[in-house]
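Below is one structure; the comments refer to it alone.
Reckoned from all heavy atoms, side chains included, excluding hydrogens, waters and symmetry mates.
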Amino acid sequence: MKGVLAAGFGACVFKLAQHDIFYHGINMERLSDRREFNTPIHARRGTFYDRNGNVLATSEDCYNIALNPQAIADVDKVVDALVEYLGVERAEARDAAKQDSTWVYVKRQVDTDTANELMATELTGIEYESATRRVYPYGNVASQVLGVVGTDNVGITGLELQYEEDLHGTDGWIVREHAADGSYIAGGAYSKQDAQDGSDLVLTLDVNIQQAAEAALAEAVEDSGAHYGSILVTEPATGEILAACSYPSYSQTDLASARTEDMNLRVVTDAYEPGSVFKALVCGAAIDMGVVDTETTFTVPPVVMAGDDGVTDVDERDYTMDMTVREIMRRSSNTGMILIGEQMGADEFARYLDAYGIDSSSGVDYPGENAGIVKTRDEYDGASVAAMSFGQSLSVAPIRIARAMTAISNGGVMTTPHFLRSRQGEELDWSDKETRVISADAAAAVADMMLTVVDEGTGSGGQVEGYEVSGKTGTAQRADESGGYQEDSYMSSFMGFAPTSDPAVQVYVTLDGTAYNSSVAAPPFAAVMEASLQALGIRPDR
């Protein structure tokens with residue numbers, strides 16, 4: 001019997017020794033886990049400024065409110081306070097207060113005034129975690145460009161996502177010792193690592209031009225009955241984006257009411273058949289090749305075949321007439337453009353499309369660019385060159401068309417559209433991405449023809465008093481799911497720049513889902529162009 005007791009006692013001693021010696025480290029680690037609480041210190045996210053120093057998005061201090069149910073002395077009072085100060089549902093507050101936990105989030109990103117009022121109640125069990133939240137001094141202006149930040153202070157969309165690494169900074173932390181019920185131990189262990197704030201970024205946007213663009217676009221979409229629309233305003237010589245927007249839009253502070261599609265910046269994320277604005281690019285290529293000049297004359301029949309399809313002009317002309325290239329542009333003649341495309345030939349046509357970057361990334365610093373659909377040379381059929389000559393049979397994101405048009409508005413040199421101007425006070429240089437596409441003479445010839453379009457042709461609605469404006473209208477059919485085109489649904493557009501002799505501003509307006517009327521995009525173009533020229537201090541030239 002004594003032997004059995006001795007054996008049992010020895011086993012107990014061994015077990016205790018085993019825990020004390022062999023599992024000492026593990027046990028201490030478990031004890032530390034139970035008694036040390038790590039609270040993050042969120043880095044202040046970098047601020048977005050426009051080109052003139054106006055704050056577009058910044059961060060302010062706030063609090064995340066949580067409960068420690070183990071430390072609550074009076075559940076009813078805590079629930080009443082959460083309902084009164086935070087506006088949470090009573091049932092939700094009571095459920096949180098009864099959780100078997102020492103930390104349950106109740107509401108995040110509560111403003112400091114509200115949090116301070118709640119703190120004044122001195123109710124035990126309510127916890128306050130320092131945090132930051134995004135605020136927008138100009139409301140939802142440029143919301144699609146700027147994008148959204150999640151409750152974890154991480155960019156989700158737009159430039160907030162694009163430049164997350166710059167903006168976020170490095171979070172810090174505080175480690176405090178606490179008791180089993182979750183309350184902090186006075187004089188207990190304490191350590192802290194400060195956060196490193198994110199970098200401020202200066203954007204190319206001009207908030208005044210952005211506001212003008214958004215207002216003009218909203219009015220145009222409503223007046224035209226379009227499903228939605230977009231405007232892109234750029235500086236041709238640098239590629240800087242002065243404004244970019246789509247309509248309908250949304251508010252970053254009311255995401256519960258936002259539709260996913262309204263959060264898209266459609267000039268980047270959507271792709272369309274560009275329609276007749278594409279004719280300017282084709283003419284630029286043909287003149288650069290030397291196969292035509294502005295006064296080259298074509299005998300243009302009323303119908304020209306594109307493969308098996310007969311193409312006509314919008315004026316329903318039923319007779320043959322002689323047209324110069326300038327007249328083809330002025331009238332926006334589809335049939336005349338097919339003849340110009342045929343003069344170029346398929347190989348050269350494909351080569352210039354590649355030079356314009358139609359089937360390659362625009363290089364814009366914004367996520368989600370639509371790749372579109374552009375045939376490679378070996379995919380061409382008998383209708384390809386004819387159809388593409390007047391802007392059909394290819395699907396392209398507007399940002400790529402806008403970039404290609406800088407080959408016209410910037411003396412033959414294509415620039416890269418971009419939003420970021422400077423980081424941490426250092427201005428960025430985007431000039432290494434510039435590419436010469438056509439000669440300066442060819443670009444000037446097209447710009448002059450586009451001036452004729454606005455002064456005397458289909459683009460007269462784009463005139464701006466006191467300025468020479470070069471522009472081109474566009475009306476493209478909208479593709480349907482069957483591979484054909486929708487009835488009475490078009491993409492109306494207007495692309496242009498001013499002043500013609502030394503372009504400072506380029507504007508591209510698209511209205512998707514309109515009735516056939518290429519002129520509906522002209523009024524918002526003119527309004528935004530005028531606002532842009534004035535905002536930039538460009539003096540009248542006529």
Side-chain angles (χ1 to χ4, degrees), residues 38-66 105 107-112 115 128-175 191-207 210 240-244 250-255 258 263 265 268 363-369 416-430:
N38 189 326
T39 302
I41 302 175
H42 296 292
R44 183 179 289 272
R45 196 169 179 84
T47 295
F48 278 129
Y49 296 93
D50 86 337
R51 65 195 296 116
N52 300 312
N54 298 302
V55 176
L56 300 177
T58 190
S59 294
E60 68 175 12
D61 293 332
C62 63
Y63 287 92
N64 296 329
I65 310 299
Y105 281 111
K107 191 170 184 177
R108 296 174 186 263
Q109 298 187 340
V110 176
D111 64 82
T112 54
Y128 305 88
E129 178 184 73
S130 296
T132 62
R133 66 178 182 180
R134 231 37 178 157
V135 292
Y136 308 93
Y138 288 89
N140 65 344
V141 170
S143 60
Q144 293 149 336
V145 175
L146 300 176
V148 172
V149 174
T151 55
D152 56 357
N153 205 35
V154 173
I156 298 173
T157 64
L159 296 183
E160 297 279 17
L161 172 61
Q162 180 75 25
Y163 290 110
E164 168 63 21
E165 186 174 337
D166 294 294
L167 292 163
H168 187 92
T170 304
D171 290 342
W173 43 261
I174 296 176
V175 175
S191 59
K192 179 181 179 181
Q193 174 67 55
D194 290 329
Q196 296 180 10
D197 293 341
S199 299
D200 295 338
L201 302 179
V202 177
L203 304 181
T204 59
L205 296 179
D206 183 306
V207 71
Q210 181 73 29
E240 291 191 351
I241 298 174
L242 304 173
Y250 77 105
S251 171
Q252 299 107 310
T253 58
D254 185 21
L255 294 180
M263 298 172 72
L265 185 61
V268 176
V364 68
D365 51 341
Y366 190 92
E369 181 174 333
T416 299
H418 59 275
F419 286 104
L420 185 59
R421 200 177 201 201
S422 68
R423 176 194 289 116
Q424 294 182 315
E426 182 178 346
E427 208 157 311
L428 277 72
D429 182 8
W430 292 77

Checklist entry - Is there side-chain contact between E129 and Y105, with at least one heavy-atom pair below 4.5 Å? => result yes
Item to check | Partner residues of D194 under the side-chain contact (heavy atoms from CB on, under 4.5 Å) criterion, sequence neighbours left out | outcome: K192
Item to check | Interatomic spacing from OH in Y128 to OG1 in T112 - rounded to 0.5 Å | outcome: 13.0 Å
Checklist entry - Does R108 use its side chain to pair, donor to acceptor, with the backbone of T151 at less than 3.5 Å? => result no
Checklist outcome for this item: Value for CD1 (I156) from CD (Q252), rounded to nearest 0.5 Å, stands at 11.5 Å
Checklist entry - Do the side chains of V202 and E427 get nearer than 4.5 Å, heavy atoms only? => result no
Next on the checklist: Quick check for you: to the nearest 0.5 Å, what is the distance between L201 atom CG and Q424 atom CD?
Outcome noted: 8.5 Å
Item to check | Heavy-atom side-chain contact between L242 and R51 under 4.5 Å | outcome: yes
Checklist outcome for this item: For Y136 and G147 the tightest heavy-atom approach is OH-O, 4.2 Å
Checklist entry - Does the D171 side chain pair with the main chain of A43, one donor and one acceptor, at a distance under 3.5 Å? => result yes
Checklist entry - For I65 and A115, which heavy atoms make the closest approach, and how far apart are they? => result CD1-CB, 4.4 Å
Checklist entry - So do L56 and V141 actually touch side chain to side chain, heavy atoms under 4.5 Å? => result no
Next on the checklist: The test is side-chain contact (heavy atoms from CB on, under 4.5 Å); show your working for N140 and D254 and say whether it passes.
Outcome noted: CA-CA 10 Å; N140 65 344; D254 185 21; over 6 Å; no
Next on the checklist: For Q109, is there any backbone N or O sitting under 3.5 Å from a side-chain donor or acceptor partner on N64?
Outcome noted: yes
Next on the checklist: Tell me if a side-chain donor or acceptor on R45 pairs with a main-chain N or O of V149 at a distance below 3.5 Å.
Outcome noted: no
Next on the checklist: Test your reading of the model: is there a side-chain donor-acceptor pair from T204 to the backbone of I241, 3.5 Å cut-off?
Outcome noted: yes
Next on the checklist: Are the side chains of N52 and V207 in contact, using a 4.5 Å heavy-atom criterion?
Outcome noted: no
Checklist entry - Side-chain contact, heavy-atom cut-off 4.5 Å: H168 with N153? => result yes
Item to check | Distance in Å, L205 CG paired with F48 CZ, rounded so as to fall on 0.5 Å steps | outcome: 9.5 Å
Checklist entry - Do Q210 and Y138 have side-chain heavy atoms sitting under 4.5 Å apart? => result no
Item to check | Heavy-atom check, side chain of L255 versus side chain of Y250, under 4.5 Å | outcome: yes
Checklist entry - Would Q162 and F419 count as a side-chain contact (heavy atoms from CB on, under 4.5 Å) if you check the C-alpha gap in whole Å, the side-chain angles of each, and the deciding distance to 0.1 Å? => result CA-CA 10 Å; Q162 180 75 25; F419 286 104; over 6 Å; no
Checklist entry - Aromatic rings W430 and H418: how do their planes relate, parallel, tilted or perpendicular, breaks at 30° and 60°? => result parallel
Checklist entry - If you measure only the distance, is there a donor-acceptor pair under 3.5 Å linking the side chains of R134 and S59? => result yes
Item to check | Side chain D365, main chain L420, donor-acceptor under 3.5 Å | outcome: yes
Item to check | Verdict with supporting geometry, V55 and Y49, side-chain contact (heavy atoms from CB on, under 4.5 Å) | outcome: CA-CA 5 Å; V55 176; Y49 296 93; 3.5 Å; yes
Next on the checklist: Under a 3.5 Å distance rule, please check whether T157 uses its side chain to pair with a backbone N or O of V148 as donor and acceptor.
Outcome noted: yes
